[in-house]
Enquirer: 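Mind looking over this structure? Questions follow.
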Amino acid sequence: MSNSNRPSRNILITGGAGFIGSNFTHHWCERYPNDRVVVLDALTYAGNAATLADLEIKPEFCLVEGNICDRGLVDTLLRDEAIDTVAHFAAESHVDRSILGPDAFVQTNVIGTFTLLEAFRHYYPTLTNAGKSGLFLHVSTDEVYGSLEPDDPAFSETTPYAPNSPYSASKASSDHFARAYFHTYGLPTIITNCSNNYGPYHFPEKLVPLVCLNILLGKPLPIYGDGLNVRDWLFVRDHCRALDTVIHTGKPGETYNVGGNNEVANIDLVKMLCALMDELAPNLPTRPSESLITYVQDRAGHDRRYAIDATKIKTELGWEPSVTVEEGLRQTVEWYLANESWWKPLLSADYQKYYDRVYQVAH
Ligand code: NAD
Ligand code: DAU
């Protein structure tokens, strides 16, 4: 369907001030300028209103600061904004933080998702009675499938769930609720399970931005364990295209795996980032950047390998990634070099406290 004869939507984007949610919000506002776009975000440490500041002038856009666990607020937004599409990104998303303190993960990822589903279930008849259809897209992760051995086949949509961290256990739980609401109540939910994203607006705690910023700051590049854990890297803008495709052509009740076809061992990824930094920021004091690589204590319960089999979304919906990891990392490094004003304020005293705790920096 071309954009011009597509009926406009009223979309609620939860977690739209976070990494993937903000990239998705920008994608949606550019591609569908006539849609009503409401972002609901609690602006936790990972949420950043500045990321969406350029959209504030658009009358079709609004950012609501609030919690997805607040049922009254969610009910009001669904009703007053006549929402037909929920794109649910809001979550506690960092594995290391889930090891230090799992409570917030249960609260937001499990109770928050349940609250949204309950609100949408009670609101949904308003849509159907008005002859409209609706959709609840639940954005999830490949981590729910557990860990692969080197020769195991990649995760498919039928791989049994086997979450290993408090983060992935909370996401698995929320996936089960989204699935159950389709089967029990006929609510049109779709689940996507995606591999590791990277790109602009990524909070500094995650591996890719952490390495870029530590090189700029001349700090050690911490590699957990032997550095041979493998992740399947996907450029965030390709992920946003995949979610757009799923919203428009996905089948309610289905799950779609989304991956980058880019399996890379952590140490190799870090060396690629070092080489890019040496090329694109040649005047940094510590060169070569690889000399900053430091092996540190492994993450507890560290999953060895993730890999996504994205055959279903390719054959059924026609989506596939367009950006190689080499191109995507180059664009990402260029973005961090050009956007110090975005990332510098994030390196707060609170963040430093978290950093020192995870990396056991002595004082
Ligand atoms: P993020 O941590 O960057 O952003 C999360 C956002 O949710 C933040 O803006 C935060 O303020 C908001 N939020 C947190 N708790 C909230 C609450 N209770 N109410 C309202 N808003 C709240 O996360 P991300 O990396 O952008 O991930 C987005 C989604 O995608 C998550 O559900 C995550 O599980 C999933 N996912 C992430 C990746 C990845 O590589 N980053 C891969 C696969 C799936
Ligand atoms: O697979 C999808 C998941 O990808 C998402 O569900 C999560 O929300 C997202 O955070 C990400 O999880 P990871 O744990 O894979 O991402 P992270 O960037 O934290 O780590 C990537 C790999 O790098 C992992 O094997 C751990 C390792 N690592 C990470 C950090 C922060 C290091 O070796 N050193 C580090 O300092």
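For ligands, and for the atoms within them, numbers begin at 1 and follow the listed sequence. Positions are given from 1, in the same order as the sequence printed here.
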Enquirer: Consider ligand 2: state whether an atom of it lies below 4.0 angstrom from any non-hydrogen atom of Glu205.
Expert: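 Contact check Glu205 vs ligand 2: positive.
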
Enquirer: What residue and atom, counting heavy atoms only, is the protein's closest point to atom 5 (C) of ligand 1, and at what distance?
Expert: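 So the nearest neighbour among protein heavy atoms is Ala91 O, 3.4 Å.
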
Enquirer: Pick one of side chain, backbone, both or neither for how Ser22 approaches ligand 1, counting any non-hydrogen atom pair under 4.0 Å.
Expert: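 No part of Ser22 is near ligand 1 at this cut-off.
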
Enquirer: Among Arg31, Arg9, Arg6, which residue satisfies the salt bridge (Lys or Arg N to Asp or Glu O under 4.0 Å) criterion with Asp244?
Expert: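 When Arg31, Arg9, Arg6 are each tested with Asp244, the salt bridge (Lys or Arg N to Asp or Glu O under 4.0 Å) holds only for Arg31.
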
Enquirer: One thing to verify: whether Lys251 and Glu316 come together as a salt bridge, which I'm taking to mean a side-chain N less than 4.0 angstrom from a carboxylate O.
Expert: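 Result for this pair is no, no salt bridge flagged.
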
Enquirer: Report yes if some N/O of Asn67 lies less than 3.5 Å from some N/O of ligand 1; otherwise report no.
Expert: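 Looking only at distances, the answer is yes, because the N/O contact criterion of under 3.5 Å is met.
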
Enquirer: Give the atom numbers and elements of ligand 1 that come within less than 4.0 Å of a heavy atom of Gly66.
Expert: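 Going through ligand 1 atom by atom, the ones under 4.0 Å from Gly66 are 19 (N), 20 (C).
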
Enquirer: From atom 5 (C) of ligand 2, work out which of Tyr167, Tyr359, Tyr355 has a heavy atom at the shortest distance.
Expert: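 Looking at heavy atoms only, the winner is Tyr167.
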
Enquirer: Would Ser140 count as being in polar contact with ligand 1, using the rule that some N or O on each side must be under 3.5 angstrom apart?
Expert: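 In fact, backbone or side chain, Ser140 has no N or O that close.
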
Enquirer: For ligand 1, which atoms have a heavy atom of Val139 less than 4.0 angstrom away?
Expert: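 That gives atoms 30 (O), 32 (O) of ligand 1.
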
Enquirer: Side chain, backbone, both or neither: which part of Asn266 has a heavy atom under 4.0 Å from ligand 2?
Expert: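 The side chain, only.
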
Enquirer: So which heavy atom in the protein is nearest atom 38 (C) of ligand 1, and how far is it from that ligand atom?
Expert: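 Heavy-atom neighbour on the protein nearest atom 38 (C) of ligand 1: Ile20 CD1, 3.5 Å.
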
Enquirer: Flag Lys171 as yes when one of its N or O atoms lies below 3.5 Å from any N or O atom of ligand 1, and as no otherwise.
Expert: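 Right, the criterion is met.
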
Enquirer: Under 3.5 Å between some N or O of ligand 1 and some N or O of Cys69?
Expert: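 Among all N and O atoms of Cys69, none is under 3.5 Å from an N or O of ligand 1.
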
Enquirer: Please determine which of Tyr351, Phe19, Tyr354 meets the ring pair (Phe, Tyr, Trp, His ring centres under 6.0 Å) test together with Phe203.
Expert: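 One option only clears the test, and that one is Tyr351.
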
Enquirer: Would you call Arg305 and Glu149 a salt bridge, using N to O less than 4.0 angstrom?
Expert: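 Not counted as a salt bridge, because no side-chain N and carboxylate O are separated by less than 4.0 Å.
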
Enquirer: Check each atom of ligand 1 against the heavy atoms of Asn196 and keep those under 4.0 Å away; list them by number with element.
Expert: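 What qualifies from ligand 1 is 40 (O).
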
Enquirer: Please confirm whether Lys219 makes a cation-pi placement over Tyr359, using NZ or CZ under 6.0 Å from the six-membered ring centre and within 45° of the ring normal.
Expert: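 Not flagged: Lys219 not positioned over aromatic ring of Tyr359.
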
Enquirer: Report the part of Asn196 in contact with ligand 2, treating N, CA, C, O as backbone and CB onward as side chain, heavy atoms under 4.0 Å; options are side chain, backbone, both, neither.
Expert: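 Under 4.0 Å from ligand 2, Asn196 contributes backbone and side-chain atoms.
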
Enquirer: Hydrogens and angles aside, do Asp142 and Asn193 bring a side-chain donor and acceptor to less than 3.5 Å of each other?
Expert: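 Checked: Asp142/Asn193 side chains show no N/O donor-acceptor pair below 3.5 Å.
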
Enquirer: For ligand 2 and Thr141, I'd like to know whether there is a polar contact (N/O to N/O, distance under 3.5 Å).
Expert: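 Yes, Thr141 has an N/O under 3.5 Å of an N/O on ligand 2.
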
Enquirer: Considering only protein heavy atoms, which is closest to atom 23 (O) of ligand 1, and at what distance to one decimal place?
Expert: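 Ranked first by proximity to atom 23 (O) of ligand 1 is Ser93 OG, 3.3 Å.
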
Enquirer: If you measure every N or O of Thr108 against every N or O of ligand 1, does any of those distances drop under 3.5 Å?
Expert: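 Yes, at least one N or O pair falls under 3.5 Å.
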
Enquirer: To which protein heavy atom is atom 3 (O) of ligand 1 closest, and what is the distance rounded to 0.1 Å?
Expert: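 For atom 3 (O) of ligand 1, the nearest protein heavy atom is Phe19 N, 3.0 Å.
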
Enquirer: Hey, is ligand 1 close enough to Asp41 that some N/O pair sits below 3.5 Å?
Expert: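 There is such a contact, yes.
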
Enquirer: For atom 20 (C) of ligand 1, what's the nearest protein heavy-atom neighbour? Residue, atom name and distance, please.
Expert: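 The answer is Ala42 N, 3.2 Å.
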
Enquirer: Under the 6.0 Å and 45° cation-pi test, does Arg299 pair with Tyr224?
Expert: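 Output no; distance or angle outside limits.
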
Enquirer: Charged N to carboxylate O under 4.0 angstrom, Arg330 versus Glu327?
Expert: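 Answer for the salt bridge query: no.
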
Enquirer: With heavy atoms only and a cut-off of under 4.0 Å, state how Glu143 meets ligand 2: side chain, backbone, both or neither.
Expert: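 It is the side chain that gets close, since no backbone atom is under 4.0 Å.
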
Enquirer: Would you kindly specify which portion of Leu43 sits under 4.0 Å from ligand 1, judged on non-hydrogen atoms: side chain, backbone, both or neither?
Expert: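 For Leu43, only backbone atoms sit under 4.0 Å from ligand 1.
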
Enquirer: Quick check: closest heavy atoms across Leu346 and Asn48, and the distance to 0.1 Å?
Expert: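 The answer is CD2-ND2, 3.7 Å.
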
Enquirer: If you measure from the Lys or Arg side-chain nitrogens to the Asp or Glu carboxylate oxygens, is any gap between Arg304 and Asp152 under 4.0 Å?
Expert: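 No, this pair does not count.
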
Enquirer: Using a 4.0 Å cut-off to any heavy atom of Thr44, which atoms of ligand 1 qualify?
Expert: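 Once the distances to Thr44 are compared, the set is 10 (C), 11 (O), 14 (C), 15 (N).
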
Enquirer: Is it the case that Arg71 places NZ or CZ above or below the six-membered ring of Phe114, under 6.0 angstrom from the centre and within 45 degrees of the axis?
Expert: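 No; the conditions do not both hold, so Arg71 does not lie above the ring face of Phe114.
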
Enquirer: How far is atom 31 (C) of ligand 1 from its nearest protein heavy atom, and which residue and atom name does that atom have?
Expert: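 For atom 31 (C) of ligand 1, the nearest protein heavy atom comes out as Phe89 O, 3.2 Å.
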
Enquirer: Could you tell me if Tyr306 and Asp303 have a donor-acceptor pair between their side chains, going purely by distance under 3.5 Å?
Expert: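 Yes, side-chain donor-acceptor contact under 3.5 Å.
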
Enquirer: Looking only at non-hydrogen atoms, which of Leu207, Asp96, Val264 approaches atom 18 (O) of ligand 2 most closely?
Expert: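 Going through Leu207, Asp96, Val264 one by one, Leu207 has the nearest heavy atom to atom 18 (O) of ligand 2.
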
Enquirer: Residue-level breakdown please: for Tyr167 versus ligand 1, do any non-hydrogen atoms fall below 4.0 Å on the side chain, on the backbone, on both, or on neither?
Expert: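 It is the side chain that touches ligand 1; the backbone stays farther off.
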
